[in-house]
Asks: 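The structure under discussion is supplied below as structure tokens; questions concerning it will follow.
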Amino acid sequence: MNPIKCLIIDDEELARTLLVTYAKRIPHLEIVACCKDSLAALSILQEQPIDLLFLDIQMPELTGIELLQTLPHKPAVIFTTAYPDYALEGFRLDAVDYLLKPFPFERFVHAVNKASELLQLRRKAQARAPQLATAKEEKRDYIMVKSEHKIFRIKHDQIFFIQSMREYVAFQTGNGRILSLNSLKKLEQQLPSSKFVRTHKSFMVAIDKIESLEGNRLLIKEEKIPIGASFKEDILKLLL
């Protein structure tokens with residue numbers, strides 16, 4: 001199991017000591033730091049990734065709930081508190097568990113196991129996200145292009161090459177040229193990398209439309225497309 005990076009936040013020293021003692025008994029928990037208030041924790045959360053918070057609620061200056069509400073990307077959270085009144089609020093904030101002080105080691109382990117399951121699901125989802133994006137990209141075989149107050153649906157296999165012309169790009173297709181307000185940088189993200197390749201700061205070409213390579217130029221539909229020095233190595237690997 002991958003280590004779970006933990007941050008303990010509690011204004012009571014005895015509570016922090018107990019959490020550290022418990023956490024050290026679980027091999028896959030890695031304690032990054034212990035903080036006695038939310039403000040100290042904020043600086044750590046901004047500096048490095050944290051997987052799991054053991055978070056007290058009633059703390060001076062900034063409560064645990066207020067701290068959690070400030071975070072744009074929330075770690076998994078296990079609330080640890082002496083006050084049962086905040087349980088509903090804790091679960092509304094998607095807390096993994098709510099430990100009411102004092103709690104035994106067995107109850108702590110149960111909460112950690114729930115957090116571990118959640119984090120494993122998150123990691124699997126993050127690992128699958130690029131694959132799903134690529135699959136979606138490969139499945140869609142066209143691009144929508146706005147030109148001259150119209151929207152054109154251009155199939156990938158119709159495109160020979162795309163040329164950058166300052167703030168515009170020109171799609172050279174089997175049916176002619178279409179000008180659109182766009183950039184090659186954006187198109188690199190929209191078009192599948194298995195079908196299109198950047199050859200120059202001003203050109204992107206359809207791989208299956210390349211007829212020949214001569215020096216620093218590609219021949220596509222009787223057009224000689226330049227190959228930039230920084231792109232040449234990738235082009236040669238692709239073609240040879």
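Values reported hereafter were calculated over all heavy atoms of this structure, with side chains retained and with hydrogens, waters and symmetry mates removed.
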Asks: Search all heavy atoms of Leu62 against all heavy atoms of Ser38 and return the closest pair with its distance.
Replies: O-OG, 2.9 Å
Asks: Could you tell me whether a side-chain N or O of Thr173 sits under 3.5 Å from a main-chain N or O of Asn175, the two making a donor and an acceptor?
Replies: yes
Asks: Would you confirm whether Glu211, through its side chain, and Lys221, through its main-chain N or O, come within 3.5 Å as a donor-acceptor pair?
Replies: yes
Asks: Supply the atom-to-atom distance Phe54 CZ to Leu19 CG, rounded to the nearest 0.5 angstrom.
Replies: 6.5 Å
Asks: Quick one: CG on Leu67 to CG on Asp56, what's the gap to the nearest 0.5 Å?
Replies: 11.0 Å
Asks: Do the side chains of Thr81 and Tyr98 get nearer than 4.5 Å, heavy atoms only?
Replies: yes
Asks: Mind running side-chain contact (heavy atoms from CB on, under 4.5 Å) on Asp37 and Glu61 for me, showing each step along the way?
Replies: CA-CA 8 Å; Asp37 59 63; Glu61 296 185 1; 5.6 Å; no
Asks: Under a 4.5 Å side-chain heavy-atom rule over Ile, Leu, Val, Met, Phe, Trp and Tyr, are Leu239 and Phe161 clustered together?
Replies: yes
Asks: Below 6.0 angstrom between ring centroids: does that apply to Tyr142 and Phe152?
Replies: no
Asks: If you count heavy atoms of other groups shown closer than 6.0 angstrom to CG of Leu14, is the number above 12?
Replies: no
Asks: Step by step, work out the salt bridge (charged side-chain N to carboxylate O under 4.0 Å, His left out) result for Arg107 and Asp97.
Replies: CA-CA 10 Å; Arg107 183 68 181 85; Asp97 210 335; 2.7 Å; yes
Asks: Which heavy-atom pair separates Leu184 from Met204 by the least distance, and what is that distance?
Replies: O-CE, 3.7 Å
Asks: Report the C-alpha separation of Val169 and Phe203 in whole Å, then their side-chain angles, then the decisive distance to 0.1 Å, and conclude whether the side-chain contact (heavy atoms from CB on, under 4.5 Å) test is met.
Replies: CA-CA 9 Å; Val169 295; Phe203 285 90; over 6 Å; no
Asks: For Leu213 and Leu236, what are the C-alpha separation, side-chain angles and deciding distance, and is it a side-chain contact (heavy atoms from CB on, under 4.5 Å)?
Replies: CA-CA 9 Å; Leu213 167 65; Leu236 291 175; 3.7 Å; yes
Asks: Just by modelled atom types, is the Ala229 backbone N or O under 3.5 Å from a matching donor or acceptor in the Lys232 side chain?
Replies: no
Asks: For the CG atom of Leu42 and the CD1 atom of Ile9, what is their distance to the nearest 0.5 Å?
Replies: 8.0 Å
Asks: On a heavy-atom basis, which atom in Ser180 and which in Phe171 lie closest, and how many Å separate them?
Replies: CB-CE1, 4.1 Å
Asks: Give the C-alpha distance, both sets of side-chain angles, the deciding distance and a yes or no for side-chain contact (heavy atoms from CB on, under 4.5 Å) between Ile154 and Ile178.
Replies: CA-CA 10 Å; Ile154 307 176; Ile178 298 175; 3.6 Å; yes
Asks: Distance from Thr199 atom OG1 to Asp234 atom CG, nearest 0.5 Å?
Replies: 11.5 Å
Asks: Could you pull out the closest heavy-atom pair between Pro75 and Leu52, with the gap in Å?
Replies: CB-N, 4.1 Å
Asks: Would a single hydrophobic cluster contain both Leu29 and Val109, if residues Ile, Leu, Val, Met, Phe, Trp and Tyr are joined by side-chain heavy-atom contacts under 4.5 Å?
Replies: yes
Asks: Is the closest side-chain heavy-atom distance between His200 and Pro226 below 4.5 Å?
Replies: yes
Asks: If you define the side chain from C-beta out and look only at heavy atoms, does anything of Ile207 sit under 4.5 Å from Leu238?
Replies: yes
Asks: What are the two closest heavy atoms between Lys201 and Ser164, and how far apart are they?
Replies: O-CB, 4.4 Å
Asks: Can you find a pair of side-chain heavy atoms, one from Thr63 and one from Met59, that are under 4.5 Å apart?
Replies: no
Asks: Quick check: closest heavy atoms across Ala15 and Lys101, and the distance to 0.1 Å?
Replies: CB-NZ, 3.8 Å
Asks: Taking CD in Glu167 as the centre, count heavy atoms belonging to other residues, nucleotides or ligands within less than 6.0 Å. Is the count above 12?
Replies: yes
Asks: Should we say atom CD of Glu233 is surrounded by more than 12 heavy atoms from elsewhere, each under 6.0 Å from it?
Replies: no
Asks: Please determine whether a side-chain nitrogen of the Lys or Arg among Asp51 and Lys5 lies less than 4.0 Å from a carboxylate oxygen of the Asp or Glu.
Replies: no
Asks: Are Arg25 and Phe105 in a cation-pi setup, meaning NZ or CZ lies under 6.0 angstrom from the ring centre and within 45 degrees of the ring axis?
Replies: yes
Asks: Less than 4.5 Å apart, side chain to side chain, heavy atoms only: is that true for Gln172 and Gln163?
Replies: no
Asks: Nearest 0.5 Å please: distance from the OG1 atom of Thr17 over to the CD atom of Glu12.
Replies: 11.0 Å
Asks: Any heavy-atom pair between the side chains of Phe108 and Ile26 that's under 4.5 Å?
Replies: yes
Asks: Using the salt bridge (charged side-chain N to carboxylate O under 4.0 Å, His left out) rule, take Arg16 and Asp10 through it: C-alpha gap first, then chi angles, then the decisive distance, then the call.
Replies: CA-CA 6 Å; Arg16 293 196 302 273; Asp10 200 305; 5.6 Å; no
Asks: Thinking salt bridges, do Lys36 and Asp11 make one under a 4.0 Å N-O criterion?
Replies: no
Asks: Ile225 versus Ile227: any side-chain heavy-atom pair under 4.5 Å?
Replies: no
Asks: Starting from Ile50, can I reach Leu39 by hopping between I/L/V/M/F/W/Y residues whose side chains sit under 4.5 Å apart?
Replies: yes
Asks: Do the non-hydrogen side-chain atoms of Ile8 and Val32 ever get within less than 4.5 Å of each other?
Replies: no
Asks: Rounded to the nearest 0.5 Å, what separation is found between the CD atom of Gln158 and the NZ atom of Lys209?
Replies: 9.0 Å
